[in-house]
Number of protein chains: 4
Amino acid sequence: MDSTTSISATGSRFERRKQARPGELLEAALALFVEKGFAATRVDEVAARAGVSKGTLFLYFSTKEDLLKAVVREVIAGRFAEWGRELDSFEGSTEELLRYCMQVWWRRVGDTPAAGISKLMLCEAQNFPELSDFYRREVIEPGNELVGRILRRGVERGELRIPEMQYAVKLVLAPMLFLSLWEHAGGLRTPQPNDFDQQRFLSLHVEALLHGWRATPSVPSPAA
Amino acid sequence: MDSTTSISATGSRFERRKQARPGELLEAALALFVEKGFAATRVDEVAARAGVSKGTLFLYFSTKEDLLKAVVREVIAGRFAEWGRELDSFEGSTEELLRYCMQVWWRRVGDTPAAGISKLMLCEAQNFPELSDFYRREVIEPGNELVGRILRRGVERGELRIPEMQYAVKLVLAPMLFLSLWEHAGGLRTPQPNDFDQQRFLSLHVEALLHGWRATPSVPSPAA
Amino acid sequence: MDSTTSISATGSRFERRKQARPGELLEAALALFVEKGFAATRVDEVAARAGVSKGTLFLYFSTKEDLLKAVVREVIAGRFAEWGRELDSFEGSTEELLRYCMQVWWRRVGDTPAAGISKLMLCEAQNFPELSDFYRREVIEPGNELVGRILRRGVERGELRIPEMQYAVKLVLAPMLFLSLWEHAGGLRTPQPNDFDQQRFLSLHVEALLHGWRATPSVPSPAA
Amino acid sequence: MDSTTSISATGSRFERRKQARPGELLEAALALFVEKGFAATRVDEVAARAGVSKGTLFLYFSTKEDLLKAVVREVIAGRFAEWGRELDSFEGSTEELLRYCMQVWWRRVGDTPAAGISKLMLCEAQNFPELSDFYRREVIEPGNELVGRILRRGVERGELRIPEMQYAVKLVLAPMLFLSLWEHAGGLRTPQPNDFDQQRFLSLHVEALLHGWRATPSVPSPAA
DNA sequence: AATGAATGAGATTTCATTCAT
DNA sequence: GATGAATGAAATCTCATTCAT
């Protein structure tokens, strides 16, 4: 019932590298869970991919579900703290901040196996309520909050005019979720050649939103 | 040991029309697959929810996977033919058409258990390539095509100016997918009270996009 | 538990033809049991081949096992009585009688689907002790007895000299069983062209045995 | 609930040599398949008889059918190579060789659980064509070939005169098959006390055949 | 700490048998 | 009598988990 995944009990996430086992297992599990889904991934496979025996896996994670939790926690860990700091220290206009955030997100998350976690959580949420709660608390709500802060910054600085903040936040996030899922949708993706540039997609979306949110649309966009 | 729902007040358990069985099973399967995912749903549960025994299910669907296929096909069947006709006979402006389509989609699909199919397919795509192909052919590509036709209509009638159609189509669809998934995300959804109106969300999104696509930004938009 | 197969309760086996159902079912069952074995034959198949529904089959035979019993009984019924009479009225030498019996057996049994019953019984004997007892009493023991009578006839008439009767009987029967089984051995039979003549095989065998049994072998074989 | 055979007196259930498992399972499967037939034997039974759990069986044999194949192969493995060599190095007359082979066969096969395989194959041939092919190639055809070689040896050395070799081979084999089957015919065997000596049966049969095949019946055999 | 053989609960699927019509 | 939809016990096979070494 209770997990054994408190790897970070004594030290930082760098200390853990000393005994690389858990890390390799988490990596393997992440890849396989994302690739095949939780139910369709056998623990033997995870162990094999990590180069250890099945028994060893259970030395570190008492349960397959426990392994999933650890994977999710690992991928998530401390991401938002970091981003929060970056946001606070950003100097430019809010428009620029928003664009910047999107591009950074794409490089650090969207274009990363970590994005598969979003899909994984979406698929497994019903089956693991406890884990869902964790993910909501640690990812979804902070994510919403982060975007909310950015938008409020724009409003407070007189740059943006956003009447219904609740919708605005989701309008910003929707295309990000879209990309996260689409990149891991396997056989569903129509074989787009390579003329689809995700960053461009995000840019176009942001620009469309900003179009309607600019406080003084007359004196156009930023700079001059 | 214990028998099924005792509807035997007036008659036997044969009273229910036999032809209805497959439908009832599909309905039960749809609900459970959407609620718990394919792997986590046991066929006994589906049968029980449909008020029949496990064996009966296999009378109509030779395999659990077969049942999934049938569910997907059932929900999809002929949806796009209908919509194509509506689109062709629409008289108003393309802006109006786009708004209309979104609202109609929400009422006929998004706000319906059928929307859960999108999520289901997203989750199970890897495991059932054949089914994925079907869904892509029958839903995703026609969906893209439909939106593409609407946008091209606007361009051809001189109402819209859309330079990069490939992105435009996905910009339109992203929030719809977002809603479909979000409504079935279970424990991931932060318990929004009732102040979130999905139709409003879709409207805001469409307006933002149209803002940038209107052919005669003469008066408004940025610069001059 | 108890069987319902006493078709011959009131009348002869000809009366039964009036309602042909049971007969058609028995015929179908014989063919399928012989072709695929008891366990691998589904009752649906039997019913289908007989042109009736599964339910109907159970109207006549309370159990699949019961059906098997009826098939065996049907094929066996009264065969030995008939043969016993033929034997008693045979006029020629015992050598001729033996040859005659073999040829007749081949035409009436060996070359008939009924021969498949031997194989069937051999295969299913362990699983149905009661049926085995029946078959032993009704077929094997009478068969041994019949051959025994023939051989004893030869001894008594001074035609044959057979020291160990118990072995002699089985020596006569072995090639008959061999043929019965071989003809129904499916994929085991090496695809002999058509240069194997079962009657010749039986003849050669009988002659070999007679060779050693003739009381006055000097005055060679028959005719002259 | 209840655990397996409590051999835990001295040690654990791991004490048994792990390599022995497949062998023990094959032994158990052979016994049960021969005793009850393939279809009527449940894999749990096999496992139980081998002193392991159901799951363990599937660790070594991926399928029940696979287990059957392995049993057949195991029993067959390399038997004919050995015999071929013996035959080549035999020094005596062909008569003696034939008698010798029969007796050896009885001791090494006929009077062994391995003889049950013949019956098993006969019964299951229809259901497992691939396995039938194997058995035909590995047992039936080599067996025929072996007997053929013996008989041809006699002919070539001027000891025997055999006009129709195809029948001759089968005449030799028929009583062997007869015994193989009869010994495993369960309830079909009339409870012969112990006055039936299989070796004697085989001898009598061989002598009868040789009677007719001897090249120089001039002096010996019947009459004088 | 690491292994991997062993386990057994649980899931899907089959099919003889029942029974309302 | 005949039907065929419905049943549910039973069988195979999977795989997370355990544990002696």
Side-chain angles (χ1 to χ4, degrees), chain A residues 19 21 39-48 51-67, chain B residues 1-4 8 11-19 21 39-47 51-67, chain C residues 19 21 39-48 51-67, chain D residues 1-4 8 11-19 21 39-47 51-67:
Chain A
Q19 70 257 47
R21 279 291 129 74
T41 298
R42 270 170 298 122
V43 297
D44 319 48
E45 290 179 287
V46 175
V52 300
S53 76
K54 203 170 20 167
T56 302
L57 188 152
F58 282 95
L59 231 47
Y60 294 98
F61 308 98
S62 62
T63 285
K64 191 189 179 189
E65 182 177 345
D66 202 55
L67 175 62
Chain B
M1 295 278 165
D2 208 347
S3 92
T4 54
S8 51
S12 69
R13 68 180 179 283
F14 283 76
E15 216 114 292
R16 305 165 140 261
R17 55 264 126 106
K18 286 149 201 159
Q19 303 98 312
R21 278 286 131 75
T41 299
R42 270 166 303 115
V43 296
D44 322 45
E45 292 177 289
V46 175
V52 299
S53 78
K54 209 173 9 167
T56 301
L57 189 152
F58 285 96
L59 229 50
Y60 295 99
F61 307 96
S62 62
T63 288
K64 192 188 176 189
E65 182 175 345
D66 203 55
L67 176 62
Chain C
Q19 71 255 51
R21 278 293 128 75
T41 299
R42 270 168 300 121
V43 296
D44 319 48
E45 289 178 289
V46 176
V52 300
S53 76
K54 202 168 23 163
T56 302
L57 188 152
F58 283 94
L59 229 48
Y60 293 97
F61 308 97
S62 62
T63 284
K64 191 189 179 189
E65 181 176 346
D66 201 57
L67 175 62
Chain D
M1 295 280 167
D2 209 346
S3 93
T4 54
S8 52
S12 68
R13 69 179 178 281
F14 283 76
E15 218 115 290
R16 305 164 141 264
R17 54 266 125 105
K18 286 149 204 158
Q19 302 98 313
R21 279 287 132 75
T41 299
R42 271 166 301 115
V43 296
D44 321 45
E45 290 177 290
V46 176
V52 299
S53 77
K54 206 177 9 168
T56 301
L57 189 152
F58 285 98
L59 227 49
Y60 296 99
F61 307 97
S62 60
T63 287
K64 191 188 178 190
E65 182 176 345
D66 202 54
L67 176 62

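All values below were derived from every heavy atom in this structure, side-chain atoms included, with hydrogens, water molecules and symmetry-related copies excluded.
Take C:Thr56 and apply the side-chain hydrogen bond (donor to acceptor under 3.5 Å, both in side chains) test, not counting sequence neighbours, and it matches C:Ser53. Checked against side chain to side chain contact (heavy atoms under 4.5 Å, CB included), B:Glu45 has the following partners two or more places apart in sequence or in another chain: B:Leu32, B:Lys36, B:Thr41, B:Arg42. The salt bridge (charged side-chain N to carboxylate O under 4.0 Å, His left out) search around D:Asp66 returns none, not counting sequence neighbours. Partners of D:Ala47 according to the side chain to side chain contact (heavy atoms under 4.5 Å, CB included) rule, which considers only residues two or more places apart in sequence or in another chain, are D:Val52, D:Leu57. Scored by the side-chain hydrogen bond (donor to acceptor under 3.5 Å, both in side chains) test, D:Ser62 finds no partners at all (sequence neighbours excluded). By the salt bridge (charged side-chain N to carboxylate O under 4.0 Å, His left out) test, C:Lys54 pairs with C:Asp44, sequence neighbours left out.
The distance between atom CG of B:Leu59 and atom P of F:dG8, rounded to the nearest whole Å, is 14 Å. A straight line from CG of A:Leu57 to C1' of F:dC15 spans 13 Å, rounded to a whole angstrom. Whole-Å rounding puts the C:Tyr60 OH to E:dT17 P distance at 18 Å. The CZ atom of A:Phe58 sits 17 Å away from the P atom of E:dT7 (whole-angstrom rounding). Protein atom NZ of B:Lys64 is 17 Å distant from nucleotide atom C1' of E:dT14, rounded to whole Å. If you measure from atom CZ of A:Phe61 to atom C1' of E:dA1, you get 15 Å, rounded to the nearest angstrom.
Nearest to the side-chain atoms of A:Val52 among the listed nucleotides F:dG1, F:dA16, E:dT3 stands E:dT3.
To the nearest 0.5 Å, the span separating CZ on C:Phe58 from CZ on C:Phe61 amounts to 11.0 Å.
Judged by closest nucleotide on DNA chain F, D:Glu65 is the one of D:Glu65 and A:Ala39 placed further toward the 5' end. Between A:Gly51 and B:Ser62, the residue anchored nearer the 5' end of DNA chain E, judged by the nucleotide with its closest heavy atom, is A:Gly51. Summary of the strand contacts: A:Ser53 and B:Gly55 both lie near DNA chain E, and taking for each the nucleotide with the nearest heavy atom, the more 5' one is attributed to A:Ser53.
Residues from residues 40-47 of chain C with heavy atoms under 4.0 angstrom of DNA chain E, sorted by number: C:Thr41, C:Arg42, C:Val43, C:Asp44.
Taking only distance into account, the side chain of C:Lys54 meets the base of E:dT17 through a donor-acceptor pair shorter than 3.5 Å.
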Under 3.5 Å for both distances, Watson-Crick or G-U wobble, that's the pair rule; now give the dot-bracket for DNA chain E, with | marking pairs to another strand and [ ] for crossing ones.
.||||||||||||||||||||
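Side-chain N/O atoms of C:Thr56 include none lying less than 4.0 angstrom from OP1 or OP2 on F:dA2.
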